[in-house]
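Quick note: numbers below take in every heavy atom, side chains included, and nothing from hydrogens, waters or symmetry partners.
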Amino acid sequence: MTPEEKQKEIERLEGEIGNFTNLLEQGDYRARKLIHELGGIIKAQFPNVQTPVFDSYFAKEEEAQTFRDEINRLQAEIERLKNS
C-alpha cells in the first residue's frame, strides 16, 4: 500500500468513525445509562411487569453497542495502518 493509499484509507475509516459517533451522540449518553440501569432493576424485581418503552429502548441500546464496537474496530484498523 502506497503512503497515499494508506492516507486515503485512514481518512475513509475516520469518516466512518465520525458517522457512527454522530449516530451515538443523537441520544444523551448519561440518560441512556440511567434508563438501562433502572430498567434492569425493574425487570429483575418485577419480571411480569410490562415495559414496552424499556424494551424498545433496550433494543436501541443493543444497536448502539454495535456502533461502539464498530468504532473500536475502525480505530484499531487506523492504528494498524499508521504503524505498518
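- Between Glu79 and Gln75, the side chains place no donor N or O within less than 3.5 Å of an acceptor N or O (distance only, hydrogens not considered).
- Here the CD1-NE2 distance, from Ile41 to His36, works out to 10.5 Å after rounding to the nearest 0.5 Å.
- Separating the CZ atom in Arg12 from the CD atom in Glu77 is a distance of 8.5 Å, to the nearest 0.5 Å.
- Dense packing is recorded around CD of Glu63, with more than 12 heavy atoms of other residues, nucleotides or ligands lying under 6.0 Å away.
- Remark: Leu74 CG to Glu14 CD distance equals 10.5 Å, nearest 0.5 Å.
- In the hydrophobic clustering of ILVMFWY residues, with side-chain heavy atoms under 4.5 Å counting as a link, Met1 and Ile10 come out together.
- Using a cutoff of 4.0 Å between basic side-chain nitrogens and carboxylate oxygens, Lys8 and Glu5 are not scored as salt-bridged.
- Side-chain contact check for Phe20 versus Arg68: every heavy-atom pair is 4.5 Å or farther apart.
- One finds the OG1 atom of Thr66 at 9.5 Å from the CD1 atom of Ile71 (value rounded to the nearest 0.5 Å).
- Note: Leu13 CG to Glu70 CD = 9.5 Å, rounded to the nearest 0.5 Å.
- Counting heavy atoms from C-beta outward, Phe54 and Ile42 have side chains that stay 4.5 Å or more apart.
- Every side-chain hydrogen bond (donor to acceptor under 3.5 Å, both in side chains) that Thr51 has, sequence neighbours left out, goes to Lys43, Asp55.
- Checked by atom type and distance alone, the side chain of Thr21 pairs as donor or acceptor with a backbone atom of Ile17 at under 3.5 Å.
- For the atom pair Phe67 CZ and Leu23 CG, the distance stands at 5.0 Å (nearest 0.5 Å).
- No salt bridge links Lys6 with Glu9; every basic N to acidic carboxylate O contact stays at or beyond 4.0 Å.
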